[in-house]
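Here is the structure we will look at.
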Amino acid sequence: MTVSAHSDARSGISVARLAERGADLLRQEDPDLHAILDRENRRQARSLVMVASSSVVDPSVLACLASPVVNVTAEGYPGRRYHAGCAQVDEIEQLAIDRARRLFGAEYANVQPHSASVANELALSALLRPGDVILGMDLHQGGHLTHGSRASFSGQYFQAHGYGLDEHGRIDIGAVRALARRTRPRLIICGATAYSRTVDFAAFRSVADEVGALLLADISHVAGLVVAGLHPNPVDHAHITTTCTHKQLFGPRGGLVLLGRDATTPVPGGHGSTLAEAMQRSVFPFFQGAPAVNVIAAKARAFDRCATTEFRDLAARIVDDARALADAFARFGYRVVSGGTDNHIVLLDLTDTGLSGLVAQNALESVGILVNKNHVPGDRRPASVTSGLRLGTNTLAVRGAGPVDMPTCARLADRVLRAVQPRGDRDFHLDAGTAEQVSADVAALCERWPLPRYPADDLACTTPAWPS
Ligand code: DSN
């Protein structure tokens with residue numbers, strides 16, 4: 001039997017035609033779903049997105065996600081699959097692995113985790129036993145659910161202790177060391193979701209070494225800055241580094257595990273297994289089955305884009321924008337947690353304004369400005385309400401907004417936050433005049449900063465792009 005037809009270009013299906021066919025079928029056969037997706041496209045184009053965990057994937061990344069490679073079942077790893085038909089999938093996954101290793105200077109990369117949370121789960125499971133002590137940044141101080149919060153497996157299966165910020169809003173490594181000496185963790189987690197300052201991975205490693213702990217660095221929020229050399233790279237400091245691929249790597253929703261010089265370090269109590277071997281087994285077959293190969297292709301594409309000088313320029317703009325945004329909010333009288341920012345995050349403490357984070361978030365969303373409510377240090381409100389706002393500049397920067405534009409963005413938000421009348425912690429009234437004026441200004445800015453390389457006709461729609 002010959003398989004030559006499979007490699008004949010004439011028998012292939014063009015990616016563009018397939019996408020067009022899919023869109024046509026969706027429009028004809030499922031107009032309800034098509035209309036929702038269409039509205040979502042327009043909402044994104046017409047919103048001023050300052051959600052710190054958001055970014056915008058390139059259309060070429062979207063093309064990978066929509067590729068028929070999604071049809072392939074491919075349990076295992078390149079060259080060692082449990083299913084036939086994986087030749088291209090092997091090439092794709094190897095490309096993604098090679099690109100990830102090059103990007104971060106890593107010895108080992110695993111591109112299969114479905115998310116950074118899963119990457120953290122499988123790392124903790126591979127290295128610890130239930131009941132072991134872990135130390136991570138407290139969720140209310142800027143840490144992540146998977147860093148030891150009682151609301152997640154990490155705080156339920158392990159005995160978790162949390163470190164926080166000092167009176168200047170910084171991680172006090174001396175306090176972390178003292179806590180580590182007292183609690184003797186088997187694993188320390190560094191990295192955060194709402195911390196605007198640089199994380200000193202070398203200092204964390206010295207604490208880990210002193211108490212005989214492993215160190216996990218979760219760089220989900222700052223991975224792009226790491227790639228661009230604008231934040232220290234943890235790969236050779238931490239025993240394990242995890243990240244998602246959608247925030248600052250501008251890729252698909254997914255996770256990534258990286259190991260540096262400790263890739264060949266034996267796992268304590270691991271019967272001779274190295275960290276690399278343990279992580280490889282923990283991803284598959286322990287935690288996951290068949291990987292999402294279309295997502296892996298999209299990761300490979302995103303990693304390639306992150307290796308460019310244009311990406312380094314973008315990363316620099318992200319940081320410059322955040323600094324300018326923090327300065328502008330401070331000038332408007334807001335309390336910026338940590339006194340400013342070294343990365344893309346600006347955390348505002350609204351305690352003195354009388355607004356809850358929820359009211360502020362919803363009032364801003366009503367005019368097309370998207371941020372998220374967030375706990376701030378000392379917050380007494382529940383996580384569903386909070387007293388703070390977290391903003392980020394990934395999306396503004398990729399749409400072309402620069403530091404000179406940040407006072408405009410802050411002023412628009414300030415106009416709403418000054419005008420809004422809270423009715424308790426959950427409801428509010430915003431006068432129609434302010435809502436209309438700010439909405440129009442937001443629309444004009446979004447038109448000035450179209451989604452990069454997206455077809456511009458998304459903006460032509462007159463349907464409101466956000467809830468009124
Ligand atoms: N980790 C959450 C955040 O930072 O918003 C979700 O990505």
Side-chain angles (χ1 to χ4, degrees), residues 44 47 49-57 61 113-124 136-155 160 162 164-165 171 189-197 199 216-226 231 234 241-257 295 298-299 302 318 322 325 337-338 341-348 357-358 360-362 364-365 369-377 379 382-398:
Q44 291 191 18
S47 299
V49 179
M50 293 194 267
V51 174
S53 44
S54 283
S55 65
V56 182
V57 299
V61 174
H114 296 320
S115 71
S117 291
V118 168
N120 289 342
E121 285 165 19
L122 59 89
L124 266 56
M137 194 169 188
D138 190 277
L139 180 69
H140 290 193
Q141 302 269 320
H144 189 254
L145 278 168
T146 56
H147 297 181
S149 163
R150 289 286 298 167
S152 104
F153 87 99
S154 62
L165 304 179
I171 294 171
I189 305 173
C190 57
T193 58
Y195 183 58
S196 60
R197 293 302 186 178
V199 178
L216 186 156
D218 178 348
I219 55 167
S220 290
H221 266 276
V222 294
L225 304 187
V226 168
H231 190 289
T241 297
T242 58
T243 180
C244 70
T245 50
H246 56 273
K247 293 185 173 82
Q248 260 194 352
L249 299 178
F250 292 81
R253 290 194 173 259
L256 173 66
V257 173
V295 177
K299 288 175 183 175
I318 287 171
L325 193 65
V337 177
S338 306
T341 184
D342 301 325
N343 53 38
H344 63 303
I345 290 176
V346 177
L347 188 60
L348 301 181
L358 178 63
Q361 174 190 298
N362 289 348
L364 290 170
E365 182 173 8
I369 299 175
L370 305 188
V371 299
N372 79 278
K373 60 182 183 285
N374 212 97
H375 265 137
V376 288
D379 210 325
S384 56
V385 179
T386 79
S387 305
L389 286 182
R390 185 187 63 163
L391 297 83
T393 51
N394 295 339
T395 302
L396 290 178
V398 81

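We count ligands from 1, going down the list as the structure has it; atoms in each ligand are counted the same way.
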- Message: Closer than 3.5 angstrom, by distance alone: can the side chain of Ser149 be matched with the main-chain N or O of Gly155 as a donor-acceptor pair?
- Response: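 It does not hold such a pair.
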- Message: Determine whether a donor-acceptor pair (N or O, by modelled atom type, separation under 3.5 Å) exists between the side chain of Ser196 and the backbone of Thr341.
- Response: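 Answer holds: no.
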- Task: Could you tell me whether some N/O pair between His221 and ligand 1 is separated by less than 3.5 angstrom?
- Result: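 Yes, at least one N or O pair falls under 3.5 Å.
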- Can you find an N or O of His246 that's nearer than 3.5 Å to an N or O of ligand 1?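 Among all N and O atoms of His246, none is under 3.5 Å from an N or O of ligand 1.
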- What part of Arg253, side chain, backbone, both or neither, has a heavy atom within less than 4.0 angstrom of ligand 1?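 Looking at Arg253 and ligand 1, no heavy atom falls under 4.0 Å.
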- Check each atom of ligand 1 against the heavy atoms of His144 and keep those under 4.0 Å away; list them by number with element.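 Numbered from 1, ligand 1 contributes 1 (N).
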- Message: With heavy-atom distances below 4.0 Å as the criterion, list the atoms of ligand 1 near Thr193.
- Response: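 So the answer, numbered in order with elements, is 1 (N), 4 (O).
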- Would you say the side chain of Val61 lies within less than 4.5 Å of the side chain of Pro252, judging by non-hydrogen atoms?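 Sidechains of Val61 and Pro252: in contact.
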- Query: Between Ser152 and His144, is any pair of side-chain heavy atoms under 4.5 Å apart?
  - Reply: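 No; the side chains remain at least 4.5 Å from each other.
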- Message: For His344 and His221, take the angle between the two ring planes, folded into 0 to 90°, and tell me which bin it lands in: parallel under 30, tilted 30 to 60, perpendicular over 60.
- Response: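 It falls in the parallel class, under 30°.
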- Task: Identify the protein heavy atom lying closest to atom 2 (C) of ligand 1, giving its residue, its atom name and the separation to 0.1 Å.
- Result: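 Answer, as residue, atom name and distance: Lys247 NZ, 4.2 Å.
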